[in-house]
Every structure is written in structure tokens, then in C-alpha cells.
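All residue numbers refer to positions in the sequence shown, counting from 1.
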Amino acid sequence: VTVLPTREAAVVPAPRADTAPRSMTLLGATGSVGRSTVDLLLADPARYRVETVVGGRDVAALARTAVTLGARFAVLADPESYAALSDALAGTGVEVAAGADAVVEAASRPVDWTLAAISGTAGLPSALAAIRRGGHLAIANKECFVCAGVPFMREAARHGATILPVDSEHNAVFQALAGGRRQDVEKVVLTASGGPFRNWSRAQMETAGIADALRHPTWSMGRKITIDSATLMNKGLELIEAHHLFGLPPAQLDVLVHPQSVVHGLVHWRDGSVLAGLAATDMRILISYCLGWPERIETQCAKLDLAKVGTLSFETPDFERFPALRIARDALEVGGGSPAVLNAANEIAVEAFLQGRIGFMEIVNLVESTLIQADRLGMLRTPASVEDAMVLDREARALAGRQLASA
Ligand SMILES: NC(=O)c1ccc[n+]([C@@H]2O[C@H](COP(=O)([O-])OP(=O)(O)OC[C@H]3O[C@@H](n4cnc5c(N)ncnc54)[C@H](OP(=O)(O)O)[C@@H]3O)[C@@H](O)[C@H]2O)c1
């Protein structure tokens, strides 16, 4: 298995012929991370051969992506979209499929490199299929780790899959960890921009609207993760992700608010040294690292200009105003099924907020009440397998839905 960058891992080239184009599958090809990846592939098309592109329901975007990349296979999760996708790609020679099973089948096809960038736990079955056939998995979908961390990592180890973190904070830590031995790590720190409400009072946040919450100060991302960044739940999910990715206990994981989003993650070593990962706020930089790993590839991204940035500032997070971070941290410490329930309830709550059904601060209330109720109902069992975690995810969604209806 890979995941953990040791000195050795950082210098040993991947076992592949550099002259042959790398075959790849893009899960979530039409999303924010997917589009950034497409940009990188188009900058050096001879280097890559895209086998499969997968999307949710956006027919036009997926068809366009498939044609632009010269993909052989295009798959949408929405089964109703099959006819429209077939029409859109008629005469292009691109094979077409639709439905959840087709997504998993597509992810199981052998390729050198897969991007897992479907949003939410909907991305778990296909990411699992990809790790079960080994190869390199560049993973943006943090929900895989939060919902099914232990069994997911076990599957990766069993099948010799190489997991490369796309998430900027984990990518930075992954790179910084190459600077020493695992046993010499004192702690790992993930930074958070603080989101659009960093300076808002609790009372102001009670009245925050959808547009306010979607106005992220430093990153341009999909809607779900942008709302999670406003509640700071995103940072809580990332702590859980880091715990599984890097095999570190909760006590060695910390969060710092850093409004400029220049330093993405830090590794503190036991001798007092600190290695930090910095980059401009452009996901293509982090994705390119996963694309080239263990080498680096040239990108056209704007380079970080620290003189222009001028000042870097850091604050401890405010758990009072951002209770989601506290609740996620508690779920990490409690372990078992708590992170899976937390994640499922959060997905339902964010969706309800985006539909205008609940207020901003009610997102975290719904997550907390679902966790309390799940505990009462004895649902917080440790998932024995990824499939078991998916069952728990469905049960927790149903419970959160009932909590929402009765609120
Ligand atoms: N955006 C970032 O900068 C960023 C940074 C770090 C981590 N991440 C993580 O990366 C993941 C993707 O984030 P994003 O911001 O790129 O999300 P996004 O813009 O909402 O894109 C989501 C992608 O998933 C597809 N999709 C949605 N539901 C699906 C389903 N049931 N089956 C198959 N495909 C489905 C969407 O297709 P349609 O277009 O057809 O809906 C789209 O291609 C999330 O887990 C997020 O936490 C994102």
C-alpha cells in the first residue's frame, strides 16, 4: 500500500515506462476538481490516455469532456440520462453507459491512474472498485475516509493500491512527511481559511443566507464543500481523513485558522523543526503533484509570490462559533460508526440548507441531534467492511431525514 510518503517513497520512481501514455479514469470529471484535472491533461495530451470519464447527471458537460479528452467510455450515474448521453455522443465512437452499477463497473476497468472526485458518499463505491484493482488513486473524496476509513485503508493495503491525497491540506502534509521518519512526527496541523464567516458573530450567522455561505474567501469549489467550509465541518472531516491517511492518533492532529490559505498543512517534528506545504490557491497545483508523483510536472498555474502576499496570519479556531469542528473532533475521538453518521447527517443537512429548508446554524444542530439519536438507537457500531459502512450511511441518512422532518 502506499499512502505514506517515506524518504524512500519520495525518491523511488513509479514502476512505469515514462514514454507510454498513462491510462486514466476520471470519476467526477465534470465537477470542480474534475475540471481542474481536465485542464492539466489538456496541457500535455500525449502523456495521458483517458479511458473513462464519469459524471452525475450533467449530460452536456460529460459529453463535452469525453470528446475533448478523446475518452473511450462515458458514464453518468443518473440512469434516466442514458438516452440523452447516447444522443449527445452519437457518431463519436465513445461507448456510453448510465446508472450506479455502470459507474462501479467503469471504475473497475484497469487503468494506471484514477481520480476519485465524486462529491459525497456517492463516491465511495467507485473509489472502492478502483482500489480493489490496485494502481494509483488520486483521491479528493474525503467522505470515503470519513464514512469507511478503517476498512477503506485495509482494502487499499490488501490490493496494493497507491493513495495520493488531492485535498490541499493532506497533499501538503503528504509532501512534508517525506522530510523525516514517521516515528519522529510530533503533530500534523491542517489549516483552514476560516470561511466567509470567520469574523461573523453567532447571531449574524443565524441569519446567513445561501449566497453568503457560498462566498468562499479563497477557494472556488463545489457547493457541498463550500458550505462545509463555512461551517468548518470541512476541517472536521479533514481531521478524520488525516487520521486514516497518515495513521496518526487524534491527539497528534490539530487545526489552525489561516485566512490567506497559503500554508496548507504543517508537520511538526520532535526536534522542534516544522515543515510546511505552501502553494497558491489553485487545485491544479495539488492535482498535478498526484498526476506526476513521484516526479513533478510543469504547470501553467500562477506561482506563489510571498512578497505579494506580504503577511501570513494564524489563529486558533473558535469552537463556540463553529461547533461543527468540535462535533467532528468528538466523532473522531469516539470512533466506531460516529464519523460515518456525522458525515451522512451533514450531507442531508447541507442539502436541506441549500434547498432553503433550514437555516445555516441548523446544519450543525441536525448533525448533532442525529448523532445523539443514533447513539440512543445503538447505531454507532464500527463498520466491519466498506459495504457495512455504506449500510450505516444509508441508515444514518434515513435517521437524519426523520430528524429533519420532525424539526
Ligand atoms: N473543489 C475542491 O477544490 C475540492 C478540494 C478538496 C477536496 N474536494 C473534494 O472533492 C470531491 C469533489 O468536490 P467538487 O468540489 O469537485 O464537487 P462538485 O464540483 O460538486 O463535482 C462533483 C462531481 O461528482 C459528480 N457526481 C455527483 N453525484 C454523483 C453520483 N451520484 N455519481 C457519480 N458522479 C456524481 C458530479 O457530476 P455532475 O456534474 O453531473 O453533477 C461532478 O462531476 C468532494 O468530496 C470534495 O470534498 C474538493
Side-chain angles (χ1 to χ4, degrees), residues 20-141 143-144 166 220-225 283-284 287-288 290-291 300 351 354:
R22 292 180 91 182
S23 58
M24 39 192 38
T25 289
L26 307 184
L27 306 167
T30 53
S32 163
V33 173
R35 290 193 304 275
S36 295
T37 308
V38 170
D39 263 11
L40 291 168
L41 303 185
L42 291 175
D44 194 359
R47 211 179 150 128
Y48 312 104
R49 192 183 74 239
V50 178
E51 291 292 331
T52 303
V53 287
V54 171
R57 52 178 58 236
D58 189 336
V59 173
L62 190 73
R64 200 169 47 243
T65 306
V67 170
T68 311
L69 292 173
R72 298 180 182 192
F73 190 26
V75 185
L76 279 173
D78 175 23
E80 308 287 311
S81 301
Y82 178 78
L85 186 62
S86 295
D87 284 352
L89 288 170
T92 61
V94 181
E95 188 190 342
V96 168
D101 290 346
V103 171
V104 172
E105 196 274 321
S108 315
R109 293 187 177 196
V111 283
D112 299 323
W113 192 92
T114 300
L115 173 76
I118 291 173
S119 53
T121 41
L124 185 48
S126 52
L128 177 64
I131 56 172
R132 282 185 172 157
R133 56 144 180 71
H136 291 71
L137 182 69
I139 184 155
N141 180 294
E143 293 86 350
C144 288
V166 170
S220 161
M221 308 181 284
R223 285 158 67 88
K224 157 75 167 50
I225 184 174
M283 283 306 291
R284 292 176 302 175
I287 298 166
S288 81
C290 299
L291 209 46
Q300 299 310 310
E351 191 54 39
L354 286 171

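- Considering all non-hydrogen atoms of both residues, Leu85 and Ala97 come closest at CD2-O, 4.0 Å.
- With a 4.5 Å cut-off on side-chain heavy atoms, Leu27 and Thr25 count as touching.
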- prompt: Does the side chain to side chain contact (heavy atoms under 4.5 Å, CB included) test come out yes or no for Ser126 and Ile118, once each step is laid out?
  reply: CA-CA 9 Å; Ser126 52; Ile118 291 173; 3.6 Å; yes
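- Salt-bridge formation is detected for the pair Arg109/Glu95: a Lys NZ or Arg NE/NH1/NH2 atom is positioned less than 4.0 Å from an Asp or Glu carboxylate oxygen.
- Across all their heavy atoms, Ala46 and Pro21 have their closest contact at O-CB, 3.6 Å.
- The closest side-chain heavy-atom distance from Phe73 to Val94 is not below 4.5 Å.
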task: Check the pair Val166 / Ile139 against side chain to side chain contact (heavy atoms under 4.5 Å, CB included), numbers first and verdict last.
output: CA-CA 6 Å; Val166 170; Ile139 184 155; 5.8 Å; no
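- Taking 4.5 Å as the limit, every side-chain heavy atom of Pro125 sits out of range of all side-chain heavy atoms of Val103.
- Separating the CG atom in Asp78 from the CG atom in Leu62 is a distance of 11.5 Å, to the nearest 0.5 Å.
- When side chains are defined from C-beta on, His136 does not count as touching Thr114, because their heavy atoms never get closer than 4.5 Å.
- Side-chain contact check for Leu291 versus Met24: some heavy-atom pair is nearer than 4.5 Å.
- Atoms CZ and CG, from Arg133 and Leu128 in turn, are 11.5 Å apart once rounded to the nearest 0.5 Å.
- Shown here for Ala102 and Ala98, the closest heavy-atom pair between the two residues is CB-O, 3.6 Å.
- Taking the side chain as every heavy atom from C-beta outward, Trp113 and Cys290 approach each other to under 4.5 Å.
- Minimum heavy-atom separation, Val38 to Ala29: CG2-O, 4.2 Å.
- We find the OG-CG distance between Ser81 and Leu76 to be 5.5 Å, quoted to the nearest 0.5 Å.
- Within the 4.5 Å cutoff, the side chain of Thr68 has heavy atoms near those of the Leu42 side chain.
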Worked verdict on Val53 versus Val75 for side chain to side chain contact (heavy atoms under 4.5 Å, CB included): CA-CA 6 Å; Val53 287; Val75 185; over 6 Å; no
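- With hydrogens and angles disregarded, no donor-acceptor distance shorter than 3.5 Å links the side chain of Arg22 to the backbone of Arg49.
- Side-chain contact between Leu26 and Val54: absent, with no pair of heavy atoms (C-beta onward) separated by less than 4.5 Å.
- Judged by distance alone, the side chain of Ser36 and the main-chain N or O of Ser32 form a donor-acceptor pair under 3.5 Å.
- The neighbour count for Asp101 CG, taken as heavy atoms of other residues, nucleotides or ligands under 6.0 Å away, does not exceed 12.
- Asn141 contributes no side-chain N or O that, together with a main-chain N or O of Ala117, makes up a donor-acceptor pair within less than 3.5 Å.
- In plain terms, the two heavy atoms of Thr65 and Thr30 that are nearest each other are OG1-CG2, 4.1 Å.
- Rounding to the nearest 0.5 Å gives a distance of 10.0 Å between CD of Gln300 and CG of Leu40.
- The nearest pair of heavy atoms linking Ala74 to Leu89 is CB-CD1, 3.7 Å.
- Checked for salt-bridge contact, Lys224 and Glu143 meet the test: a charged N lies under 4.0 Å from a carboxylate O.
- Side chain of Arg72 to backbone of Gly93: no donor-acceptor contact under 3.5 angstrom is found.
- For the atom pair Thr37 OG1 and Leu115 CG, the distance stands at 4.5 Å (nearest 0.5 Å).
- Environment of CZ in Arg132: crowded, with over 12 heavy atoms of neighbouring residues, nucleotides or ligands closer than 6.0 Å.
- Of the inter-residue distances, the one linking Glu351 atom CD with Arg223 atom CZ reads 8.0 Å to the nearest 0.5 angstrom.
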